[in-house]
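These notes concern the structure reproduced below.
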Amino acid sequence: DAGITQSPRHKVTETGTPVTLRCHQTENHRYMYWYRQDPGHGLRLIHYSYGVKDTDKGEVSDGYSVSRSKTEDFLLTLESATSSQTSVYFCAISRVQGYTEAFFGQGTRLTVV
Amino acid sequence: GESVGLHLPTLSVQEGDNSIINCAYSNSASDYFIWYKQESGKGPQFIIDIRSNMDKRQGQRVTVLLNKTVKHLSLQIAATQPGDSAVYFCAENTQGGGSQGNLIFGKGTKLSVKP
């Protein structure tokens, strides 16, 4: 398995509170991604990073921000969590962009109550 | 987890039979395709990929077929086993830079293998 660790694996938080999810990789891959997975929607891209301090929006970026200060870490922040952000969040990494597979972490189940 | 399987098309097969999972992709410019397998409570796992200059590619017990004319992708699993029970996703992207190079996922098909 690719060296990807997501933390925490499970979290319950209250509406309006800030939440940060962490993705750590040991593969030295340039590209890192955050997806959310919901029933009926499959995997949707939130944000991605193409290098340290280089990030861009994905399909469903509203309400989320990201940061990448080191190659190995990619943080996803919900500034003020809402119930619609209850989901399973996956981090993924890839060596290059396009024409290659992405490797996924084990996921973080986030519940906003 | 288990909630991933809700609202998904489901394919139920007998152990030992062959399975065919289909996917219609959306972008005619896509030139790279992947199949992922996701078991309950785990992240998606790469199975096999194919580039648009190919019609067929075989792996161990799996074959991917690509029909660019109708934008259709299929995954064939030979001699399906209980361990193949999972949700299967197709994904597409292009060689283009920027957001074009990001993978776009289909909604998935749940494969259930009966012993």
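Each chain gets a letter, A, B and so on, in the order its sequence line appears, and its residues count up from 1. No experiment lies behind these values; they were computed from the predicted model shown.
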[X] versus chain B, heavy atoms under 4.5 Å apart: side chain, backbone, both or neither?
| X | value |
| --- | --- |
| A:Y50 | neither |
| A:R44 | neither |
| A:L43 | both |

Discussion item. Would A:Y31 and B:N102 count as a side-chain contact (heavy atoms from CB on, under 4.5 Å) here? Give the steps.
Written reply: CA-CA 10 Å; A:Y31 292 86; B:N102 293 328; 5.9 Å; no
Worksheet item: Would you say the ring centroid of B:Y36 lies under 6.0 angstrom from that of A:F104?
Response: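 Yes, the ring of B:Y36 comes within the 6.0 Å limit of the ring of A:F104, centre to centre.
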Same cluster or not: [X] versus [Y], using hydrophobic residues (I, L, V, M, F, W, Y) connected whenever any side-chain heavy atoms lie under 4.5 Å apart?
| X | Y | value |
| --- | --- | --- |
| B:L103 | B:Y88 | no |
| B:V87 | B:I21 | no |
| A:Y35 | A:L75 | no |

Item to complete: Heavy atoms only: give me the nearest B:F46-A:E101 pair and the separation to one decimal.
Response: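 Taking every non-hydrogen atom into account, CD1-CB, 3.4 Å.
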Fill in: Criterion side-chain contact (heavy atoms from CB on, under 4.5 Å) on A:F90 and B:Q38, from CA distance to verdict
CA-CA 12 Å; A:F90 287 99; B:Q38 186 177 24; 3.3 Å; yes
Worksheet item: What do you reckon, is CD of B:Q60 surrounded by more than 12 foreign heavy atoms closer than 6.0 Å?
Response: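 No - once you tally the heavy atoms of other residues, nucleotides and ligands closer than 6.0 Å, there are 12 at most.
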Worksheet item: Just wondering, more than 12 heavy atoms not from A:R9 lying within 6.0 Å of its CZ?
Response: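 Result for CZ/A:R9: enclosed.
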Worksheet entry | Listed once per pair and sorted, the salt bridge (Lys or Arg N to Asp or Glu O under 4.0 Å) pairs that draw on residues 58-74 of chain B, sequence neighbours left out |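 Applying salt bridge (Lys or Arg N to Asp or Glu O under 4.0 Å) to every pair that reaches into residues 58-74 of chain B, excluding sequence neighbours, yields B:D55-B:K68, B:R61-B:D84.
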Item to complete: Among the options A:G105, A:G58, A:A102, pick out the one with the most heavy-atom pairs lying under 4.5 Å from chain B.
Response: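 Highest number of heavy-atom pairs under 4.5 Å: A:A102.
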Fill in: Closest-packed option against chain A by number of heavy-atom pairs under 4.5 Å, given B:P44, B:G43, B:G106
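Option with the top pair count is B:P44.
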Practice prompt. Given side-chain contact (heavy atoms from CB on, under 4.5 Å), test B:F89 with A:Q37 step by step and report yes or no.
Written response: CA-CA 12 Å; B:F89 294 95; A:Q37 186 173 42; 3.2 Å; yes
Fill in: Residues in ring-ring contact (aromatic ring centres under 6.0 Å, His included) contact with B:F33, at least two apart in sequence or another chain
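ring-ring contact (aromatic ring centres under 6.0 Å, His included) check on B:F33 returns B:Y25.
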